[in-house]
Structure formats: structure tokens, C-alpha cells
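Here the structure comes first, spelled out in C-alpha cells, and everything after it is commentary.
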Protein chains: 2
Amino acid sequence: MKNNIRVERAIKQLTQEDLARMVSVSRQTINAMEANKYVPSTVLALKIARVFSKPVEEIFWLEETD
Amino acid sequence: MKNNIRVERAIKQLTQEDLARMVSVSRQTINAMEANKYVPSTVLALKIARVFSKPVEEIFWLEETD
DNA sequence: ACAATATGTAAAGTCTATTTTACATATTGT
DNA sequence: ACAATATGTAAAATAGACTTTACATATTGT
């Protein structure tokens, strides 16, 4: 699975720490997600999508290998 | 977080085991999700939404407590 | 009623999401 | 250039996602 978080964050001019606070996780969690180091929970995906006012599918998408 | 999986599954006339196979998890995983016993990964949410041809947000939604 | 299928649930195990702390490097503003 | 802010990353710890096995109950079709 891949994601667009870094781009969406740039559009909204949010730092990793800003976003982390908005969705109640640590900054390292945001950093690791952007680096595709792990798959977030659905709760976190819904919260992030809500911050960016976009559907989950526009921010996270499956790859062949998923 | 809550979900609609049982309803969507009924609409498509799929058993828990059918759905489990389609998204490559165990039947107990589907059963536990329907019973709100845990929050699935985003990969699993995307796969389930794809099976039902609906956006993730129409199948999973945040509660106040999330 | 009987047989087959579907669902509920539980326990133990594995794997991985997420946190905390800490430090190094990169970027930005003045 | 300097100071402040932002990002990368790592290690150890905790919590929770997901599996496997197993059994009990409920539902459905004949």
C-alpha cells in the first residue's frame, strides 16, 4: 500500500508534527507512514483523510503485492 | 469505529468465509470485525471496500471516542 | 427431524503498529 | 552564518491485529 500523505501535507502546509497532533499519534508514526514503513490502522486512515477532506482512497491505495 | 460489513455482506449474499477468502484473511477475522472486536488495517479496509464497490467511508466510520 | 452450512467464541501464538526517548541531519528565516 | 524548526532514523517496549485450532450453537434446505 502506498500513500500521498507528504503531498497532501505540503498542500496544507502542515509539518509532520502538526499532522501528528491533529490525529493524535506521534510524529514518528507520521514519518514512518510517509516512508511506507508500516500500514496504519483504519481509524488512523479515516482521521488523516478527514484532515485532508478527501476520501481514504485518494490518500491510500493498494499495490499488486497487497 | 463501526462498520457496515454485515449489511454489505447480506446484500451480496456472501458468507463470512466467502468474504474472508476474497480478502485473504481468516473467517474469524471477519467475524471479529463485524463484532467490533478490533480495528482492521487500512489494507484490509481498502480490500473490503473494493469487494463491495463502495468507498471506505461508506463501510467504516469514526465514532466520537476514536 | 436430519444433515449440512453458517456463525459465535475462546485460547495461545506470531507479527507488526505505535510510543517514547534520543540524537543526527537538513531546511528555513533573519 | 546562526538559530530555530523540520525531518530521518534507531532501539526498546507495549498494545493490538490476525492466525490456527477447536468446539458450540444457530440457521437453512430437504
Side-chain angles (χ1 to χ4, degrees):
Chain A
M1 194 191 68
K2 286 199 171 176
N3 72 77
N4 242 351
I5 295 173
R6 186 166 310 213
V7 172
E8 297 294 337
R9 202 166 51 73
I11 293 171
K12 290 233 167 186
Q13 306 209 45
L14 297 173
T15 67
Q16 291 180 344
E17 188 155 14
D18 290 335
L19 179 56
R21 283 210 194 97
M22 293 172 87
V23 298
S24 307
V25 294
S26 70
R27 178 180 68 82
Q28 286 77 352
T29 294
I30 301 296
N31 187 288
M33 284 180 56
E34 293 189 358
N36 288 311
K37 287 198 180 152
Y38 65 75
V39 174
S41 75
T42 300
V43 165
L44 186 46
L46 286 170
K47 286 181 176 177
I48 289 175
R50 193 171 57 181
V51 164
F52 296 135
S53 308
K54 294 196 174 171
V56 170
E57 280 89 345
E58 279 186 35
I59 299 174
F60 301 91
W61 56 91
L62 293 171
E63 297 176 284
E64 311 277 342
T65 53
D66 287 322
Chain B
M1 195 190 67
K2 286 198 170 176
N3 72 78
N4 244 350
I5 295 174
R6 186 165 311 210
V7 172
E8 296 295 336
R9 202 166 52 73
I11 292 172
K12 289 233 168 186
Q13 302 209 47
L14 297 173
T15 68
Q16 291 181 343
E17 188 155 14
D18 290 336
L19 178 57
R21 283 211 193 95
M22 293 172 87
V23 298
S24 307
V25 295
S26 71
R27 178 180 68 81
Q28 286 77 351
T29 293
I30 301 296
N31 187 289
M33 284 180 56
E34 292 189 359
N36 288 311
K37 286 197 182 154
Y38 68 75
V39 174
S41 74
T42 301
V43 164
L44 186 45
L46 286 169
K47 285 181 177 177
I48 289 175
R50 193 170 58 180
V51 165
F52 295 136
S53 308
K54 293 195 174 172
V56 169
E57 280 89 343
E58 279 185 35
I59 298 175
F60 301 91
W61 56 91
L62 293 172
E63 296 176 284
E64 309 277 342
T65 54
D66 287 321

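The sequence lines fix the lettering, A, B, ..., with proteins before strands; numbering per chain opens at 1.
Atom CZ in Arg21(B) sits about 12 Å away from atom P in dT5(C), given to the nearest Å. Distance Ile30(B) CD1 to dA6(C) C1': 14 Å, rounded to the nearest Å. Between the CG atom of Asp18(B) and the P atom of dT5(C) there is a distance of 13 Å, given to the nearest Å. A straight line from CD of Gln16(B) to P of dC18(D) spans 15 Å, rounded to a whole angstrom. Distance CD (Glu17(B)) to C1' (dT7(C)): 11 Å, rounded to an integer number of Å. Nucleotide dT7(D) holds its C1' atom 14 Å from the CG atom of Leu19(A), rounded to whole Å. The interatomic distance linking Ile48(B) (CD1) with dA17(D) (P) rounds to 13 Å, in whole Å.
Annotation: side chain of Arg27(A) is not in contact with side chain of Arg21(A) (no heavy-atom distance under 4.5 Å). Proximity of Lys2(A) to Phe60(A): side-chain heavy atoms (C-beta onward) are nowhere separated by under 4.5 Å. Counting heavy atoms from C-beta outward, Asn36(B) and Met1(B) have side chains that stay 4.5 Å or more apart. The closest side-chain heavy-atom distance from Ile48(A) to Asn3(A) is not below 4.5 Å. Contact of the Met33(B) side chain with the Val25(B) side chain is not registered, since no non-hydrogen atoms from C-beta on lie closer than 4.5 Å. Between Val56(A) and Thr42(A), every side-chain heavy-atom pair lies at or beyond the 4.5 Å cut-off.
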Expected string for nucleotides 12-28 of chain C under the B/S/- scheme (protein heavy atoms, under 4.0 Å, primed atoms plus P, OP1, OP2 as sugar-phosphate) is -----SBBBBB------
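For the segment residues 54-66 of chain B, the set of residues with a heavy atom within less than 4.0 Å of an atom of DNA chain D is empty.
A close approach under 4.0 Å does occur between a side-chain nitrogen or oxygen of Asn31(B) and OP1 or OP2 of dG8(C). Side-chain nitrogen and oxygen atoms of Arg9(A) include at least one within less than 4.0 Å of the OP1 or OP2 phosphate oxygen of dT7(D).
Using modelled atom types, no side-chain atom of Asn31(B) and backbone atom of Gln28(B) make a donor-acceptor pair closer than 3.5 Å. Checking side-chain atoms of Asn4(B) against main-chain N and O of Glu58(B) turns up a donor-acceptor pair under 3.5 Å. The backbone N or O of Ile59(A) lies less than 3.5 Å from no partner atom in the side chain of Glu8(A), so there is not a single donor-acceptor pair.
By the neighbour-count criterion of 12 heavy atoms within 6.0 Å, atom CD of Glu63(B) is densely surrounded, having more than that number from other residues, nucleotides or ligands.
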Structure string for DNA chain C in dot-bracket form, Watson-Crick and G-U at under 3.5 Å, | interchain: ||||||||||||||||||||||||||||||
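Of the listed nucleotides (dA6(D), dG8(D), dG8(C)), dG8(C) has the atom at the smallest distance from the side chain of Arg6(B).
Tyr38(B) and Tyr38(A) fall within a single hydrophobic cluster, where Ile, Leu, Val, Met, Phe, Trp and Tyr are joined by side-chain heavy atoms under 4.5 Å apart, directly or via other members.
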